[in-house]
Structure formats: structure tokens, C-alpha cells
Undergrad: 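Have a look at this one.
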Amino acid sequence: MKTTVKEQLRIAEARLARYYKAEDAILSGQSYEVEGLKLTRANLKDVQNMIASLEKKISALNTQLKGRARFRLITPGW
């Protein structure tokens with residue numbers, strides 16, 4: 001099933017919102033210790049990497065929707 005750019009953008013924005021919530025939860029102390037064993041429910045670095053990735057994807061999808069190219073054409077000045 002092929003999704004449209006608008007649908008991909010909607011999905012990416014929804015995922016990004018969930019990752020922001022996850023990051024906030026982790027920063028609020030989502031780790032705990034039981035009998036000397038420290039447990040963490042999620043890895044902050046992984047979540048932050050996904051946030052950066054989703055932000056880039058959303059930017060690229062927005063650029064696609066606006067019809068702008070993702071490259072520059074440089075003409076030699078002969």
C-alpha cells in the first residue's frame with residue numbers, strides 16, 4: 001500500500017509527538033533500582049536520535065509538499 005506525502009507527514013508528526021512525550025518521561029526519571037539492579041525503561045539517546053531523524057523527515061516531506069527540489073543546480077560561469 002502506497003501512502004501519499006500528506007499521509008506520511010501526518011504519520012511522522014504523530015510519531016514525533018509520541019517521542020517528545022517519551023523524552024519528557026525519561027527526563028522526569030523513568031529509571032528505578034531494585035536490589036542494586038538499575039533498570040531504565042527507555043534509552044534517552046535512542047529516543048533523541050529518533051526525534052532528530054523524524055524532524056529531518058518532516059522537514060523533507062514539507063519540502064516535497066511545497067514542490068521544492070532537494071538539490072541545487074550550479075551552472076558553470078563560462
Side-chain angles (χ1 to χ4, degrees):
M1 180 171 84
K2 190 174 180 180
T3 57
T4 66
V5 174
K6 284 184 180 182
E7 182 65 14
Q8 290 174 23
L9 181 59
R10 185 195 65 73
I11 292 167
E13 288 172 338
R15 286 187 73 198
L16 181 59
R18 290 191 302 269
Y19 271 94
Y20 281 141
K21 287 180 184 177
E23 180 186 44
D24 187 50
I26 294 166
L27 292 171
S28 298
Q30 230 190 0
S31 64
Y32 55 94
E33 196 168 323
V34 177
E35 296 179 11
L37 179 63
K38 187 173 182 177
L39 302 168
T40 303
R41 294 184 182 132
N43 184 323
L44 179 61
K45 185 149 182 82
D46 290 342
V47 170
Q48 289 174 332
N49 287 341
M50 184 55 79
I51 287 171
S53 175
L54 286 167
E55 287 173 340
K56 286 179 188 176
K57 181 176 183 171
I58 289 168
S59 178
L61 290 169
N62 277 321
T63 299
Q64 246 184 308
L65 279 176
K66 292 176 184 172
R68 294 185 189 152
R70 293 188 60 181
F71 59 90
R72 289 176 42 192
L73 179 61
I74 300 173
T75 313
W78 300 345

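Numbers here are sequence positions counted from 1.
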Undergrad: Who pairs with K21 by side-chain contact (heavy atoms from CB on, under 4.5 Å), at least two apart in sequence or on another chain?
TA: none

Undergrad: With a 3.5 Å cut-off and sequence neighbours excluded, list the donor-acceptor pairs that the side chains of residues 43-58 form with protein atoms.
TA:
from, atom 1, to, atom 2, distance (Å)
N43, OD1, K45, N, 2.9
N43, OD1, D46, N, 3.4
Q48, NE2, E23, OE2, 3.1
N49, ND2, K45, O, 3.4
E55, OE2, Y20, OH, 2.4

Undergrad: Give the cluster check for L9 versus I11: same hydrophobic cluster or not, with ILVMFWY residues linked at side-chain heavy-atom distances below 4.5 Å.
TA: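 Looking at the clustering, I11 is in a separate group from L9.
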
Undergrad: Please collect all salt bridge (Lys or Arg N to Asp or Glu O under 4.0 Å) contacts where either partner lies in residues 7-18, sequence neighbours excluded, each pair once.
TA: E7-R10

